[in-house]
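Predicted model only: the values in this text are computed from it and were never measured. In what follows, chains are A, B, ... by sequence order, proteins preceding strands, each numbered from 1. Note: hydrogens, waters and symmetry copies are ignored here, and every other heavy atom, side chains too, is used.
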Number of protein chains: 2
Amino acid sequence: MSNAYNRPDQLSPELRRRVLETARRLGYPGPDPVARSLRTRKAGAVGLLLTENLSYAFRDPAAVGFLEGLALACEDASQGLLLVPANPEREDVAAVHRAGVDGFVVYSVPDDDPHLAAVLERPVPTVVCDQPELDTVDRVGIDDRAAITQIASHLIELGHRRVGVICMRLARDRNDGFVNVDRQHTAHFHVQRARLEALATAFTSANVDWTSIPVVERFDHSIASGASAAAQLLDRDPQVTALICTSDILALGALGEARRRGLRVPQDLTITGFDGITESERAGLTTVRQPVMEKGRAAGKLLVNAADHNRPRTVTLSTELVIGTTSAPPRITEGALVRPVIL
Amino acid sequence: MSNAYNRPDQLSPELRRRVLETARRLGYPGPDPVARSLRTRKAGAVGLLLTENLSYAFRDPAAVGFLEGLALACEDASQGLLLVPANPEREDVAAVHRAGVDGFVVYSVPDDDPHLAAVLERPVPTVVCDQPELDTVDRVGIDDRAAITQIASHLIELGHRRVGVICMRLARDRNDGFVNVDRQHTAHFHVQRARLEALATAFTSANVDWTSIPVVERFDHSIASGASAAAQLLDRDPQVTALICTSDILALGALGEARRRGLRVPQDLTITGFDGITESERAGLTTVRQPVMEKGRAAGKLLVNAADHNRPRTVTLSTELVIGTTSAPPRITEGALVRPVIL
DNA sequence: AATTGGTTCTTGACCGTTACGGTCACTCCA
DNA sequence: TGGAGTGACCGTAACGGTCAAGAACCAATT
């Protein structure tokens, strides 16, 4: 029976024809995929765990790019891609337990996320992306510190000293507002923490007191959030000459807010982003381009041939500073003595 | 055992604790999801079948919107969403057979697609979207004829008689070029066929000989395709005063080609799209907006409560004509006697 | 005629759950 | 004290495949 469907060479064409014919007559719909998976111990699918509500993932171009790459890798390996409904609000770990998959990809979740813990308990290979190193699973990412340090150096060279930072959510709790240094260091999103720390290091080396730098956090990752964050920051500290955003989406929002206030970019205000999505290319944003699609593809490949490797593998992809038209030397304001540094 | 995990109320806390404790000691990773699915006859996931390579789906904003809506509905129902790796090039129907899902959503595939046939053979509920009516499955869509007729009427009112049409692929075989009437009628993509037929009807009623209207087809759905199609059409028939595109993506490409040729839009050339994606809003495109996200959500909902309904259900969503800045009366050319019609 | 080799076909043990029904101890009340 | 009622616990039988091992058959060789 099984052979009739799966191994046509094992039986005579005549018998095969008869078997299939009676199967159809009896209304047999073909082998049940679940039963087959149980027996063969292969689900033929890869699970994807995301921070956000599933639907959010489709709003963020960077996430869409990641998905595209991952889907590509899955397709190459004839694997399905299962989006796991892990709503971050309810702690619905059951969805992770119920996922019939051969492995997981975990994309940018907080390091204390219960879903992540649930995934790690499952006896299947796992690849994390944009996460801190774990000694049991493979990992894909970029050098966030180096990347954002390029932004910082660029701004420092231009002469910016009074800067503001707009970042994405730092933990699972909502905190739309200013961030003290303590929260910066205990941030549960590895990527955000790394970027903030690198910024602190860079500006401290330039003799800027990091504790005086305003950092505004937003829970939702949207253009509107970027705009409101920029508004909050500029209201409190109108003297800043540059806004460093940890994502392009936030930067695009900040650009909108600057325009709304009649601030010319970059003459009155410099704005930088992070990711290098196509929308920001159109806007001429100064940013760091990271290969989002490649990240997805690398994660998929790592998972698909997760054969034998004793120690966890890490793939670090390269990034590229893109200097656009939204960064320039700061305007000379009264009281401030600022001079571009030529190295 | 099972109870310890799934029904804590069925046993004493003491026993539960003991069971779980020894389970951990023995390295038991928790109930196997596949075996559970086999037993309970529930996979906890919805399968999605797409025309394109999986990765293509993430490039087209309309498809992404559909995905977003579908993901939303799945999340609400705590269902996973499995992207089935159905490469349209190889006829790899096996992927459909291997998908462990409780139902399928089929999104805009040709009506003779073997994957679709394979889905229909599976004994699970199915919802098709942008497909012709089938007497066994539920259906989500819009009134494509009415929608594009609005575009046609708009152009006819403006006075356009010499128009060109740019459409997406009409069948599984690649045919990048002009389309004769026969191919138009035998098109296997329901949406494209319906739109072309409605256009034919509308222009015939306006005393335009439809067979003289150039229709250019493109296999790939991309901005570049739209541009090359527009070039091909304008090369052959420079007299056309309007380009009707059956998708916004194609229209955006046509816009680019017009600009490249120094044609002013809308003074020299009118261009219309279809879908209403955000990118085209920015471009001021005249188009028909359809609720792509709602389509996905409706499909998901239909599938999730696919309980008892003897006859297949159909959800038809509404569309809206959006008149932008890319449509205007045709320029008066020598030889052509054209006068706007006031109805 | 017996042995060997090579097909083709049949059989049955497993994969890991959960549903279900039965057992058993214990309480409660007449 | 006996019998019904209750709740906790346990054993077993599917669920629907796959796959390897063996049975049956036929042909060719010894």
Are the charged groups of Arg297(A) and Glu294(A) less than 4.0 angstrom apart, N to O?
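Judged by the 4.0 Å cut-off on N to carboxylate O distance, Arg297(A) and Glu294(A) do form a salt bridge.
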Test: Asp135(A) and Arg311(A) ion pair at under 4.0 Å:
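Looking at Arg311(A) together with Asp135(A), the answer is no, because their closest N to O distance does not fall below 4.0 Å.
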Tell me the interatomic distance from [X], atom [atom1], to [N], atom [atom2], rounded to whole angstroms.
{"X": "Leu38(B)", "N": "dC14(C)", "atom1": "CG", "atom2": "C1'", "answer": "13 Å"}
{"X": "His97(B)", "N": "dG17(D)", "atom1": "NE2", "atom2": "C1'", "answer": "15 Å"}
{"X": "Arg41(A)", "N": "dC14(C)", "atom1": "CZ", "atom2": "P", "answer": "14 Å"}
{"X": "Arg17(A)", "N": "dT8(C)", "atom1": "CZ", "atom2": "P", "answer": "17 Å"}
{"X": "Arg98(B)", "N": "dG16(D)", "atom1": "CZ", "atom2": "C1'", "answer": "17 Å"}
{"X": "Asp32(A)", "N": "dC15(C)", "atom1": "CG", "atom2": "C1'", "answer": "13 Å"}
{"X": "Arg16(A)", "N": "dC9(C)", "atom1": "CZ", "atom2": "P", "answer": "12 Å"}
{"X": "Asp102(B)", "N": "dC15(D)", "atom1": "CG", "atom2": "C1'", "answer": "15 Å"}

Out of dC19(D), dG16(D), dG17(D), which has the shortest distance to the side chain of Thr40(A)?
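The answer is dC19(D), which lies nearest to the side chain.
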Nucleotide of dT18(C), dG16(C), dG17(D) approaching Arg36(A) most closely (side-chain heavy atoms):
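Between dT18(C), dG16(C), dG17(D), the one nearest the side chain of Arg36(A) would be dG17(D).
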When you measure only distances, ignoring hydrogens and angles, does the side chain of Arg39(A) come within 3.5 Å of the base of dT18(D) through a donor and an acceptor?
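Such a pair is found, so the answer is yes.
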To the closest 0.5 Å, what do you measure between CG (Asp130(A)) and NZ (Lys295(A))?
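Atom-to-atom, Asp130(A):CG and Lys295(A):NZ are 3.5 Å apart.
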Criterion side-chain contact (heavy atoms from CB on, under 4.5 Å) against Val127(B), the qualifying member of Val140(B), Val315(B), Val304(B):
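By the side-chain contact (heavy atoms from CB on, under 4.5 Å) criterion, Val127(B) pairs with just one of Val140(B), Val315(B), Val304(B): Val140(B).
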